[in-house]
Every structure is written in C-alpha cells, then in structure tokens.
J.: 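Quick one: this structure, given as structure tokens, is what I'll be asking you about.
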2 protein chains.
Amino acid sequence: MQKSQVTIKQIAQELGVSISTVSRALQNHPRIGLRTKEQVFAVAKKLNYVPNPAAILLKKNRTSTIGVVLPQLAEEFFSQAITGIEDVISEKGYNVVISQSRDSLERENRAIKSFISSRVDGVIASISAETTQYYQFRELENYGVPIVFFDRVPKDVRVNKVRGNIVEAAYESIAFLEARGVRRIAILNGPASLEICDERLMGYWNALKQLGLPVVQQYIKSTDLSREDTSKKIDELLAMEEPPEAVLCFNDYVALYAMQQCKQRGIVPNKDILFVSFANLPITAYLDNPPLASVEQFAYQMGEKAAQLLLQIIDAPDDSVLEPQDIVIDTKLVVH
Amino acid sequence: MQKSQVTIKQIAQELGVSISTVSRALQNHPRIGLRTKEQVFAVAKKLNYVPNPAAILLKKNRTSTIGVVLPQLAEEFFSQAITGIEDVISEKGYNVVISQSRDSLERENRAIKSFISSRVDGVIASISAETTQYYQFRELENYGVPIVFFDRVPKDVRVNKVRGNIVEAAYESIAFLEARGVRRIAILNGPASLEICDERLMGYWNALKQLGLPVVQQYIKSTDLSREDTSKKIDELLAMEEPPEAVLCFNDYVALYAMQQCKQRGIVPNKDILFVSFANLPITAYLDNPPLASVEQFAYQMGEKAAQLLLQIIDAPDDSVLEPQDIVIDTKLVVH
DNA sequence: GTGTTCTGTGCAAACGATTGTATCTACTAA
DNA sequence: TTAGTAGATACAATCGTTTGCACAGAACAC
C-alpha cells in the first residue's frame, strides 16, 4: 500500500547515471547536459519523486517554514492577517506553522521554544497582552532566527515592525466625535505594555488638546482585553458623576463587551453613550447597533507586508547588517 | 551573534565520550551509566543543545508535524476546532501546519501537495465546498499519510471521520419550530457534495414527515455558501406564492446573509420569517436579532477528537489494519 | 602531436542524529 | 586461575541530499 520512498538514488539507477548528476540535473545546474536533464525530469515525474525535506534541511540548514505566533485566530483581525501572510509566503514555497498565545505569556514562550526546536527560518509575531519583556524573542535572535512583529508590536526595542498608523487613527476618531458635538470622551485602552496602546493614548491626547476638549484623568482606562475587566472599567466610567458622552475603545471586541454592559445597565449604546473603536471587524456589519465608527486596519495587508519583510531579511546575505524597519500602514476610519 | 549549532558531537567532545554514548544518554537508554547520563544532560543544558529535527527525521522518518486543511480560519467554528487540535497535539510534541482552502478545490490540492512534500505525519481535513472527488486525499494515503476528516466530511468513502450528529440536530430544529406552531419550513442547505448536507436534509425530511408538516420541493435550496448565492436563494423563497414561515440554514453565516437580504426586502427576520441555523457562533451573542436558535456543534471538542484519533492511527504499529472510524459528537440546540 | 579549454559526469565527504554490533573492563563463580 | 557475564562505551553504517574536486573525452589552436 505504502509507496516506498522514491529517492534520487533510484532515479540514478533507473538512468544508469550517478546520484550527483541527478541532484544537479534537478537543480538545473548549468554543467549538466540538456538531454540528461530532460531524462532525469522525466524519470522523476514517472516515479513520483518528492525530495526529502529533511535531507535538504540537513545540508542547507533551511526548513522553508516560518512560525507565526499571535493571540488568537478567532479574532478576525488575526485570521485575516494570517491569510495575508500565507498568500505571500506560500508563493515562495514556504510553509506556515501557527501558534496561538491566547494572550498568555507562558503559551507564547512555549510557542517560541517549539519554533526554535523545529528550526523555523523566521518568525512573525503579534505579542500577547501579558508580554512585557522580550527575552524570549531575544532567544530567537540568538539562534539567528529573524523576527517581524505586526500590529501588537513591543515598544522600546529596536525590532522589525509592521503596524497601523494608530496615533493618527486615534486623533481622527476623536475629531470625528468632536465634529458631532461630543466633548467628554473617554478611552478604554489595552495593556500598557503594547506600543499600540501608547499610540492610541497619544492620538487621543493630542486630539483633546488641539480641539480644546476637556482632559479628565479618570476618563482614561486600560483593560487586559478580557470581558470581565472591560465590564468593570466601563462600569467605573458610567458611575462617574459626569460620565463621558463617548468612549474610544481598543478594538471592536472591547467595544462589544462594553456595549453589552451598557445595555445591562439600561443605557442604550450609541444613543446615550457613543462608541468608536478599532479593527472594523466584518462581523460588525451584521450588528443592528454597531460601534458608530471603527478604524479599519487592513489586517490582510499588514500580514502581507510582515511576510514580505521577513522573507527579505531571510534572503539577505548573512554578512549584511540590516537596520530594523518600521513599516507604518495607513488606516481609515469607517463610519457605520 | 548567531549561535553556532550545538550538536551531540560537541557534547561528546566536551565530555570526552563518543557521540553514540551521548545520543543514548539523551534518550535515557538503559545501557548508559547513571553518572554518564547526568553529565551529558548537564553539558547539554549548559551548551543550550537543541536536537536537529532534520537529522532525526532522516533517521526515523517522522516529522512530528501534522497538517490541517480547512475552509477558513475566519470562521469561528474552524478557529475553535484548530484550538482543540493544537491543544491535543502540542501536548504530544507535535506541530501543526495550517492551510486554508477558502473553499477552493485548487487551494485544497495545493495544500495537500505541500503536506506531501513537507512529509507531515498525518492530516486533518475539513473539505472545501468545491470538493466532490477525493483522489487528492487518496494520494496522501498512497504516501502512507493517515487522514482524519472532521465536520465537513466526504460522503461515500470509507474514511476516518469526526462529525456532529447532524441528522438529529436538524430533526430537533424542525421540532423546535413545529412546537412554536410553524408549519411551512424551508431549508437553505450547503453544497450537495458534503455528507453533512445530506444529513441536514435527512433530518429535515424525517421531521417533516413524522410531524405531519407539508413537504414542498421548492422549499429545499442548496447554496455554495457564498453571500451572493445565499441572497439569490432566499429571494427565490421570499418570492414564492406561499413563502415559508421559517428557514433552517446551513450555518450562522448563511443565516446572517439571508437575514440581511430579508431586511433589504423590508421583511423583518425572526418576526416575519424565522431563522434557525447551525454553529452557534459566539458572535451571535452580540447580535440584537440573532437566529432564533442555533445548533451548537462543539468545535473545540471536535478538533480534540480528530486530533486524538489521528495520533492513535499514527502511533499504531505499521502492520496493524485499522478500520476507519466514524465518531459522532452530540450536538445541542441553543435557543437565543 | 601537444597543450588548453570546455562539457559532462562521477566520487566521496559532508550535514546530525540513531542503532546494531564490537570492544573493553571489572567482577563473579567454579 | 580462568571462563563467563554484565555493564559501559566506542565504532561505523545509515538516512537522502548537496557540492567541491577530480577526471574523461572532445574540440580547438598552435
């Protein structure tokens, strides 16, 4: 039943040439004659030859596999990004190994360890909500595995990043609300360890100042992205003496959690209190009462860019020193 | 910067023993003395030794990698299933390579080819909407790669399957509607090539007969799962002289497409026409007007079972002949 | 006829681990 | 004392492929 492994040895035997000739022929080596090449290809096809990746890896030290670690696939943003990555990478003959951290540092570390032992050629990562230190990623670098971060990129470190223009998007969101006459605006941000949270805050801040809106310290909340924490924080906002008229949320999930909590408190979202968020998930199109507006971050494109950058680094000659790149992708505020 | 690969050879040198001793020590071979073992482990740890998977594969012909091909990760059902698969499989030291077919036969075939050339130890698949023939999967079997299908399993073939109890779920859904006094019930099914579509139809059919509900040929529609086709089919139903009072949909996405189309036609879903569907996606919890009820299919559990079955087959001794298994997981109708 | 330059091919040593068999030492039992 | 045995380790072949080097023959110029 089981096909015995076809090797170049068998091809060589069948043709009465040596295995080195076969190997070179299959690689289109210029020193091999045209006729020989044709014969080799014909026999290879006939025998259904599939090169053994292990042997190639052993010689070339390349797995043609890249590892991706991200919070969770169930978030459409990430599954779209994966699709972008896959499209770019599979075109170049690479495979993708995916691991979900589910926002747990421990899972993230496990994934990285597994990437090291399976010898991936590179890693694309979007860090977990718990991640504040990067020694585990440094470990990858020690093994010479290049890394590109996307969306949830670490701050403070010189690394390759692909991310949305969050500062501007946040600014734009606030301006959008201000144009509607809203003045008291809160922010339900994510964990402070993420650079993209700083950026949201910065855009928020800038906008408040430049547009002359009131800056209230208690309007600024950060959550660990869980439903529970989000509910708690929105409750705090609602309980204030002067609650905000609008909330800028870290992403659509946070907005949905918060909006549900509002409903439970008898407050009608987007009427009594307005919501604007990030991600612009396709599912929001099916909501009767989606966030007023959401920042489209072009996840697919981000995945593509990250993959392209990674491949570029992998393909760079070993002695070339590459400066870490910081690619910023423009976002777009979509009004629902 | 780049750590040179640490090999057992270096460990051997450091200790002044032979590489075979090191190899056996690392595998806890009984023939190696306790003291030697301890020393080997200590040095391995010190040098940060990571075994080279290629070399092991070359000898043992095992990649410790399994391939998963499914329609799309963005569907929460599938990302949940992946999570179940990952949890089971990573515990046994396996990796997962994921490929999305996006319901295209060509992409599915490409994924399988790539699985063959990367020598995965096994494959878990949920077939694309376009798939009607299975020769590409047979190809995998030719190479001795075991396959387990889940949810979207092929029909007519003797293969390993893990699937929901769809016949019963469909029956139950119809009974649920009948109990509410509904009599004219249509079905918006998926492509006929999928066994799970047959089963939906069978359950639907059985229920209509046993409950004495009218059987109308034009009430039975099948779609290719796309938004366009779904809109077209629901339009046909709405345009009938005696349109159905309720529609049983292939899954929540189909239901959402259909419901949106209804709205466009000025018909209020779940009031003018009722919807019941499959999948019970978490996102429906955020809808103001979700399908009236949805069949929970326990995707995570399905993924787990599929992974367990696959590992069991992989671990079975080569000469053992295994009967294909058909594992059925109970579903549950969740009323919203 | 001798050297030079191509072209086309083969030999054999890697890559890093596993594993059957051989070897060496020390100890026990007769 | 000596054969026998068990324990600990080493040797070397092997997995499938790549690749530097060697080599053979043909074509060409002088």
J.: In this structure, how many angstroms lie between the P atom of C/dT19 and the CD1 atom of B/Ile56, rounded?
T.: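 Distance check: B/Ile56 CD1 to C/dT19 P gives 10 Å.
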J.: To the nearest Å, give me how far apart CG (B/Leu57) and P (C/dC15) are.
T.: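 For the pair B/Leu57 CG and C/dC15 P, the rounded distance is 18 Å.
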J.: By nearest nucleotide on DNA chain D, pick out whichever of A/Lys60 and B/Pro30 is the more 5' one.
T.: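 Looking at DNA chain D, the more 5' nearest nucleotide goes with B/Pro30.
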J.: Under 3.5 Å, is there an N or O donor on one side and an acceptor on the other linking the side chain of B/Lys59 and the base of D/dT14?
T.: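 When only heavy-atom distances are counted, B/Lys59 does reach the base of D/dT14 through a donor-acceptor pair under 3.5 Å.
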J.: Toward the 5' end of DNA chain C, which comes first, A/His29 or A/Ile19, by nearest nucleotide?
T.: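 Residue closer to the 5' terminus by nearest nucleotide: A/His29.
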J.: Let me know the distance between CD1 of B/Ile8 and P of D/dT9, rounded to the nearest Å.
T.: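 From B/Ile8 CD1 to D/dT9 P: 15 Å.
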J.: Looking only at side-chain N and O atoms, does B/Ser18 come under 4.0 Å of OP1 or OP2 in D/dA10?
T.: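 For D/dA10, OP1/OP2 do have a side-chain N/O of B/Ser18 under 4.0 Å.
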J.: Please work out whether the ring planes of A/Phe77 and A/Phe150 are parallel, tilted or perpendicular, with thresholds of 30° and 60°.
T.: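 Judged by the thresholds at 30° and 60°, the geometry between A/Phe77 and A/Phe150 is parallel.
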J.: Does A/Arg31 contact C/dG8 through a side-chain donor or acceptor facing the base, at a distance under 3.5 Å?
T.: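 In this structure, the two groups form a donor-acceptor pair.
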J.: Which residue, B/Ile32 or A/Tyr49, contacts DNA chain D at a nucleotide closer to its 5' end, judged by nearest heavy atom?
T.: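 It is B/Ile32, whose closest nucleotide lies nearer the 5' terminus.
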J.: Tell me: CG of B/Asn61 to P of C/dA17, nearest whole Å?
T.: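 Going from B/Asn61 (CG) to C/dA17 (P), I get 17 Å.
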J.: So does B/Gln27 get a side-chain nitrogen or oxygen closer than 4.0 Å to the phosphate oxygens (OP1/OP2) of C/dA17?
T.: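 So the side chain of B/Gln27 is outside the cut-off, no N or O lying under 4.0 Å from OP1 or OP2 of C/dA17.
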J.: Verify the contact: side-chain N or O of B/Thr36 to OP1 or OP2 of D/dT9, cut-off strictly under 4.0 Å; return yes or no.
T.: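 Checking D/dT9 against B/Thr36, a side-chain N or O does come within under 4.0 Å of OP1 or OP2.
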J.: Rounded to the nearest angstrom, tell me the gap between atom CG in A/Asn52 and atom P in D/dT14.
T.: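 The answer, rounded to whole Å, is 17 Å.
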J.: Atom CG of A/Leu26 to atom P of D/dT17: distance rounded to whole Å?
T.: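 In whole Å, D/dT17 P lies 9 Å from A/Leu26 CG.
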J.: Is there a donor and acceptor pair, one atom on the side chain of A/Arg24 and one on the base of D/dG20, closer than 3.5 Å?
T.: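 Yes, the side chain and the base share a sub-3.5 Å donor-acceptor pair.
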J.: Quick one: are A/Arg107 and A/Gln100 in side-chain contact, heavy atoms under 4.5 Å?
T.: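 SC-SC contact between A/Arg107 and A/Gln100 ruled out.
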J.: Between atom CD1 in A/Ile11 and atom P in D/dT18, what is the gap in whole Å?
T.: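 Taking atom P of D/dT18 as the reference, CD1 of A/Ile11 is at 11 Å.
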J.: Hey, is the side chain of A/Ser23 poking within less than 4.0 Å of OP1 or OP2 on D/dT17, counting only N and O atoms?
T.: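 Negative; the distance criterion is not met.
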J.: Can you check whether A/Ser128's main-chain N or O pairs, donor with acceptor, with A/Glu108's side chain at less than 3.5 Å?
T.: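 Pair found, side chain donor or acceptor close to backbone of A/Ser128.
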J.: Do side-chain atoms of A/Asp121 reach the backbone of A/Arg62 as a donor and acceptor pair under 3.5 angstrom?
T.: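 Side chain of A/Asp121 to backbone of A/Arg62: no pair is present.
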J.: Is any side-chain N or O of B/Ser20 under 3.5 Å from a base N or O of D/dC11, one able to act as donor and the other as acceptor?
T.: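 Side chain to base: pair present.
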J.: C/dA13 C1' sits how many Å from A/Leu58 CG, rounded?
T.: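 The answer, rounded to whole Å, is 13 Å.
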J.: Using atom types as modelled and distance alone, determine if a side-chain donor or acceptor of A/Ser193 lies under 3.5 Å from a backbone N or O of A/Thr131.
T.: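 Flag set: sc A/Ser193 to bb A/Thr131 pair under 3.5 Å.
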